[in-house]
Amino acid sequence: MQFKPLALGGSWLIEPEPFRDERGAFMRTFCEAEFGSLGLVDRFPQHSLSVSHRRGTLRGLHFQRCPHAEVKVVRCVGGVIFDVIVDLRPESATYRQWVGVELSAANGRAIYVPEGFAHGCQTLTDDAVVCYLISSPYEPDAASGVRFDDPVLAIGWPLPVSSISERDRSWPGLD
């Protein structure tokens with residue numbers, strides 16, 4: 001795996017290094033030693049999966065409040081998504097900035113989302129499947145979010161929203 005730092009401090013794009021032969025390909029998707037060597041969280045007690053049937057579906061922007069803040073490693077294993085992270089750390093030089101990355105089953109990339117970030121994604125294909133490694137179990141009382149269309153963030157979602165939960169539509173803006 002190749003770890004490439006993203007513009008928001010502590011976030012990483014993880015590129016696979018597949019071994020290819022006549023059968024297809026094989027690649028590592030997680031290695032505790034490699035994550036640990038970079039000082040990244042390397043323990044993920046919760047693994048989750050989302051399936052979105054319609055192109056344009058938007059999930060997010062989600063995070064958990066302290067003391068249940070979480071690190072996520074997000075990978076698309078079916079279809080294509082536009083994955084977004086937002087730095088919500090007030091002390092950070094990149095506070096309120098966002099980065100978007102295309103993740104797909106074909107490119108095999110993943111994104112490392114540090115604590116203090118909100119995360120969301122929009123499906124660019126029907127039947128998109130996303131896998132999450134999560135460092136802290138889900139705690140309903142700590143669950144929070146930021147409105148996906150907050151004008152302060154001005155996220156450039158690539159498609160009109162075709163489906164979104166009422167909860168995600170109702171998150172507050174940053175101001």
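The structure displayed is predicted, hence computed values, not measured ones.
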**Report entry** Passing candidate, side-chain contact (heavy atoms from CB on, under 4.5 Å) with Tyr112, options Leu133, Leu38, Leu6, Val41
**Finding:** Val41
Query raised in the report: Just how far is it from atom CD1 of Ile85 to atom SG of Cys121, taken to the nearest 0.5 Å?
Result: 13.0 Å
Requested in this report: Let me see the working for Val99 and Val84 under side-chain contact (heavy atoms from CB on, under 4.5 Å), right down to the final yes or no.
Outcome: CA-CA 6 Å; Val99 167; Val84 171; over 6 Å; no
Query raised in the report: Is it true that Phe117 and Val101 fall in one hydrophobic cluster, defined by side-chain heavy atoms closer than 4.5 Å?
Result: yes
Query - Between CH2 on residue Trp157 and CG on residue Leu124, distance to nearest 0.5 Å - result: 10.0 Å
**Report entry** N-O pairing of Asp175 and Arg96 below 4.0 Å
**Finding:** yes
Query raised in the report: How many angstroms lie between CG in Leu103 and SG in Cys131, if you round to the nearest 0.5 Å?
Result: 11.5 Å
Query raised in the report: Any chance the rings of Phe3 and Phe35 have centres within less than 6.0 Å?
Result: yes
Requested in this report: Taking the side chain as every heavy atom from C-beta outward, state whether Arg147 and Arg169 have any pair of such atoms under 4.5 Å apart.
Outcome: yes
Query - Test log, rule side-chain contact (heavy atoms from CB on, under 4.5 Å), inputs Phe44 and Val73 - result: CA-CA 9 Å; Phe44 298 95; Val73 177; 3.7 Å; yes
Report summary line: So CD1 of Ile164 and OG of Ser52: to nearest 0.5 Å the spacing works out to 11.0 Å
Requested in this report: Give me the one residue out of Val161, Thr57, Ile81 that meets side-chain contact (heavy atoms from CB on, under 4.5 Å) with Gln122.
Outcome: Val161
Report task. Please step through side-chain contact (heavy atoms from CB on, under 4.5 Å) for the pair Lys72 and Glu70, ending with a clear verdict. Result -> CA-CA 6 Å; Lys72 294 179 183 175; Glu70 58 194 6; 3.0 Å; yes
Query raised in the report: Given the rule in the side-chain hydrogen bond (donor to acceptor under 3.5 Å, both in side chains) test, do Glu17 and Gln2 qualify, once you have shown the distances and angles that lead to the verdict?
Result: CA-CA 7 Å; Glu17 294 181 304; Gln2 294 181 23; 3.2 Å; yes
Query raised in the report: side-chain hydrogen bond (donor to acceptor under 3.5 Å, both in side chains) between His68 and Asp141: does it pass, once the steps are laid out?
Result: CA-CA 9 Å; His68 303 284; Asp141 292 337; over 6 Å; no
Report task. Can you measure from CD1 (Ile14) to CG (Leu40) and round to the nearest 0.5 angstrom? Result -> 7.5 Å
Query raised in the report: When you look at Glu34 and Arg28, which way does the salt bridge (Lys or Arg N to Asp or Glu O under 4.0 Å) test go after all the steps?
Result: CA-CA 11 Å; Glu34 283 191 61; Arg28 286 181 302 139; 2.4 Å; yes
Query raised in the report: With the 4.5 Å side-chain cut-off for hydrophobic clustering, are Ile155 and Leu13 part of the same group?
Result: no
Requested in this report: Determine whether more than 12 heavy atoms belonging to other residues, nucleotides or ligands lie under 6.0 Å from atom CZ of Arg55.
Outcome: no
Query raised in the report: If we only count heavy atoms from C-beta on, is the Glu139 to Gln64 side-chain gap below 4.5 Å?
Result: yes
Query raised in the report: Applying the 4.5 Å side-chain criterion to the ILVMFWY set and letting contacts propagate, would Tyr132 and Trp12 be lumped into a single cluster?
Result: no
Report task. Step through the shown structure and confirm whether more than 12 heavy atoms of other residues, nucleotides or ligands are within 6.0 Å of CZ on Arg65. Result -> yes
**Report entry** Cluster check Tyr138, Phe63: I/L/V/M/F/W/Y, side chain < 4.5 angstrom
**Finding:** no
Report task. Run the numbers on Arg59 and Val130 for side-chain contact (heavy atoms from CB on, under 4.5 Å), then give the verdict. Result -> CA-CA 11 Å; Arg59 293 177 182 267; Val130 180; over 6 Å; no
**Report entry** Check against side-chain hydrogen bond (donor to acceptor under 3.5 Å, both in side chains), Gln46 and Ser48
**Finding:** CA-CA 7 Å; Gln46 182 174 310; Ser48 297; 3.2 Å; yes
